[in-house]
Every structure is written in C-alpha cells, then in structure tokens.
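Take a look at the structure set out below.
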Amino acid sequence: MKPYILFESNWKLIKSTEYQVAVLPWGATEPHNYHLPYSTDIIEATEIAYESARKAWNAGAKVIVLPTIPFGVNTGHSDLNLTININPTTQISILNDILTSLSNQNIKKFLILNSHGGNEFKPLLRELGLKFPDMFLSTCNWFQSLNKSNYFDNDGDHADEMETSLILYLAPNLVLPLSEWGEGVEKKIKIKLFSEKWAWTERKWSKISDDTGVGNPMKASKEKGEKYFSTVTDKISQLIVEIAKADLQNLYE
C-alpha cells in the first residue's frame with residue numbers, strides 16, 4: 001500500500017493523514033497508431049502521477065493521487081471507432097464535483113496532471129476559481145515539461161517516438177511488434193498560416209493520418225522511455241513539492 005495513491009489506500013490510513021495537495025491524472029481513450037493501446041494516455045497519466053507523487057512524498061510533501069479520469073476531449077477523433085469523447089462542459093461538471101468534495105474536506109491545493117493534447121483545462125479552472133476562491137487550482141501538461149529533442153530523434157505529438165518509448169518501458173506487453181508500426185506521417189492543412197501556431201483550427205484525425213499517428217516512432221526504445229520517464233517525474237515531483245509547501249496567503253513576491 002502506498003499512502004500517496006488513493007486507489008490503494010484505506011480509511012485506516014486516510015483518516016490519520018493530513019493531505020496538502022490532491023493530484024488528478026487525466027487521460028483519454030483513443031487510437032495511437034497501429035501499435036499502441038487505446039489506453040496510452042491513461043497509462044502515461046497514471047504512471048507519471050504515481051512516480052512523481054512517490055518522489056514528492058519522499059521529499060516531505062503530503063500528496064494524494066486521485067484515480068485517473070480515462071476520457072478526454074476527442075472531438076477531432078469522433079469518426080474513429082471506440083474513441084470516447086467527453087465535452088469540456090462535462091469536464092467542468094466533473095471538476096466541480098471533485099473540488100466540492102476536496103474543499104469540504106479541507107484539501108485546498110489541486111493539480112491536474114494532463115496527458116492528452118485535446119484537453120484544455122485553463123479556461124475551466126479560471127471559471128471554477130471564482131467558485132472556489134479559497135483553493136489553489138493548477139494544471140500541467142507533462143509532455144511539455146521537457147525539451148523532447150534532448151531525448152528523441154524524431155518529433156511528433158501522437159504515438160510518436162516519445163510515446164512509443166514510454167509505453168515500451170511502462171507496458172511493453174501492450175505494444176505490437178515493430179513490423180506492425182505505422183510511420184505516423186501527418187498531412188498538413190493547406191491553409192499555411194495555421195502552421196505558425198498563432199491561428200488554430202481543429203485537426204480531423206482521420207484526414208491527417210492514415211494510421212492515426214503523428215510522428216515517426218521507428219527509433220523508439222525502452223531505454224529512451226525509461227530515461228525520459230525518470231526525468232519527467234523528477235520535474236513533476238518538484239512541482240508537487242513546491243505546491244505542497246506554498247503559503248496560499250503569501251504566494252507572490
């Protein structure tokens with residue numbers, strides 16, 4: 001039993017522990033190229049949250065990881081079989097109920113550990129912040145916490161070399177053999193100014209990628225995944241520790 005994982009904890013432990021910060025891993029259920037499981041974002045969110053919390057707990061932070069939310073905003077994948085979409089309005093309702101519970105139990109610090117690019121929590125937390133003014137609400141995208149080029153040869157953002165390496169390390173039994181991997185070639189939108197990132201439109205996944213991947217995974221390895229996982233969880237644990245230690249009445253300097 002690990003005291004920082006709610007999924008494994010019991011009332012005997014919970015009633016005697018004063019937790020400082022709750023972490024909510026949030027994933028998605030969607031295809032990840034031919035070779036990775038639909039649960040890729042869920043596995044990543046859960047394992048990164050658990051390991052980051054372990055490191056933070058050992059550094060003195062009283063952190064509790066809540067059970068992972070398995071569904072995300074997947075409107076761009078809506079025509080791909082068994083992709084499960086929940087809308088942002090559903091997400092804010094879920095968050096409202098969770099925050100109501102935590103606030104009533106005097107857990108005032110909250111971090112969403114996001115594992116899916118289609119989830120956008122900042123506007124939701126802005127709105128909820130008005131309802132829970134005594135709480136510290138925050139979110140992070142673990143996949144943006146490091147410069148991936150320091151760890152991987154090929155760039156991408158979905159079932160790419162990075163994600164394939166992570167799942168080869170975390171759940172190798174769920175990865176198909178190399179011969180089954182798609183190349184993750186992305187078709188770019190013809191309106192070129194969207195590529196400059198100051199303008200945005202949603203990608204329709206069935207139109208931009210034959211295998212649903214974006215980024216060539218062929219140089220992925222378990223060793224790369226292990227190294228990246230270790231460094232990412234070091235950084236996320238540091239964030240958790242700093243949130244846990246923060247004085248909510250004296251946050252700014």
Side-chain angles (χ1 to χ4, degrees), residues 1-27 44-69 72-73 86 88-117 119-147 229-253:
M1 184 177 64
K2 303 176 180 68
Y4 48 86
I5 299 176
L6 183 56
F7 189 83
E8 298 184 9
S9 298
N10 52 54
W11 175 234
K12 184 176 178 62
L13 170 68
I14 295 295
K15 71 176 183 178
S16 60
T17 306
E18 292 186 10
Y19 290 102
Q20 297 167 303
V21 55
V23 174
L24 178 65
W26 204 307
E44 292 165 344
T46 303
E47 296 300 327
I48 289 171
Y50 285 177
E51 179 64 5
S52 299
R54 183 190 69 81
K55 292 177 177 179
W57 184 274
N58 289 341
K62 290 296 185 285
V63 55
I64 189 71
V65 179
L66 308 181
T68 303
I69 305 293
V73 177
I86 62 172
T89 48
T90 306
Q91 290 184 314
I92 199 169
S93 181
I94 292 170
L95 286 168
N96 178 76
D97 290 351
I98 291 172
L99 293 175
T100 298
S101 298
L102 295 176
S103 180
N104 289 341
Q105 296 154 14
N106 203 36
I107 300 174
K108 301 297 185 181
K109 298 173 180 177
F110 179 72
L111 172 67
I112 301 171
L113 192 142
N114 180 38
S115 191
H116 173 58
N119 294 333
E120 176 53 77
F121 291 109
K122 287 189 287 185
L124 308 187
L125 294 185
R126 291 181 193 274
E127 182 172 340
L128 289 165
L130 294 176
K131 185 171 183 179
F132 299 94
D134 61 334
M135 296 189 71
F136 180 86
L137 308 181
S138 59
T139 183
C140 70
N141 297 328
W142 63 261
F143 47 87
Q144 294 177 331
S145 64
L146 300 176
N147 183 348
F229 179 80
S230 176
T231 311
V232 164
T233 54
D234 281 345
K235 193 159 189 180
I236 301 300
S237 68
Q238 179 184 351
L239 175 63
I240 293 170
V241 169
E242 292 191 16
I243 292 173
K245 290 181 177 179
D247 179 357
L248 296 187
Q249 304 307 315
N250 187 27
L251 276 176
Y252 306 101
E253 59 184 11

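No hydrogens, no waters, no symmetry mates; every other heavy atom, side chains included, goes into these values. Sequential numbering from 1 along the given sequence is applied to the chain's residues.
When all heavy atoms are compared, the tightest approach of E18 to K62 is O-CB, 3.5 Å. Of all heavy-atom pairs spanning T233 and S230, the tightest one is OG1-O, 3.0 Å. G27 and H116 make their closest contact through O-CB, 3.9 Å (heavy atoms, listed as atom of the first residue, atom of the second, distance). For the residue pair V63 and A53, the shortest heavy atom distance occurs at CG1-O, 3.7 Å. Taking each heavy atom of W26 and G72 in turn, the nearest pair found is NE1-CA, 4.2 Å.
Between I112 and L125, the closest side-chain pair of non-hydrogen atoms falls below 4.5 Å. A heavy-atom distance below 4.5 Å is not found between the side chains of L6 and Y19. Considering only heavy atoms from C-beta on, S103 comes within 4.5 Å of D134 through its side chain. In this structure, N96 and F132 have side chains that are in contact, with non-hydrogen atoms separated by less than 4.5 Å. Taking 4.5 Å as the limit, every side-chain heavy atom of L113 sits out of range of all side-chain heavy atoms of V65. Two residues are said to be in side-chain contact when any heavy atoms from C-beta on lie closer than 4.5 Å; F7 and T46 fail this criterion.
By the neighbour-count criterion of 12 heavy atoms within 6.0 Å, atom CD of E127 is sparsely surrounded, having that number or fewer from other residues, nucleotides or ligands.
L24 CG to I64 CD1: the interatomic distance, rounded to the nearest 0.5 Å, is 12.0 Å. Atom NZ in K131 sits 5.0 Å away from atom OG1 in T100 (nearest 0.5 Å). Interatomic distance, D97 CG to I92 CD1, rounded to the nearest 0.5 Å: 11.0 Å. In this structure, S52 OG and E47 CD are separated by 10.5 Å, a value rounded to the nearest 0.5 Å. Rounded to the nearest 0.5 angstrom, E51 CD and F229 CZ are separated by 5.0 Å. Here the straight-line distance linking atom CD1 of I5 with atom CG of L66 works out to 11.5 Å at 0.5 Å rounding.
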**Asked** Going through the distances and angles, do E120 and V73 end up as a side chain to side chain contact (heavy atoms under 4.5 Å, CB included)?
**Response** CA-CA 8 Å; E120 176 53 77; V73 177; over 6 Å; no
**Prompt:** Q91 and F121: side chain to side chain contact (heavy atoms under 4.5 Å, CB included), yes or no, with the steps?
**Reply:** CA-CA 9 Å; Q91 290 184 314; F121 291 109; 3.7 Å; yes
**Request:** Show the numbers, then the answer: is there a side chain to side chain contact (heavy atoms under 4.5 Å, CB included) between F143 and N114?
**Result:** CA-CA 9 Å; F143 47 87; N114 180 38; 4.1 Å; yes
**Prompt:** So I86 and I94, side chain to side chain contact (heavy atoms under 4.5 Å, CB included) or not? Walk me through it.
**Reply:** CA-CA 11 Å; I86 62 172; I94 292 170; 4.3 Å; yes
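Checked by atom type and distance alone, the side chain of K235 never pairs as donor or acceptor with a backbone atom of L146 at under 3.5 Å. Between the side chain of S93 and the backbone N or O of T90 there is no donor-acceptor pair closer than 3.5 Å.
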If you look only at distance, which donor and acceptor atoms sit under 3.5 Å apart when one is on a side chain in residues 239-253 and the other is two or more places apart or in another chain?
unit_1, atom_1, unit_2, atom_2, d
E242, OE2, Q238, NE2, 3.3
D247, OD1, Q249, N, 2.9

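Screening residues 1-11 for side-chain hydrogen bond (donor to acceptor under 3.5 Å, both in side chains) gives no qualifying pairs among residues at least two apart or on separate chains.
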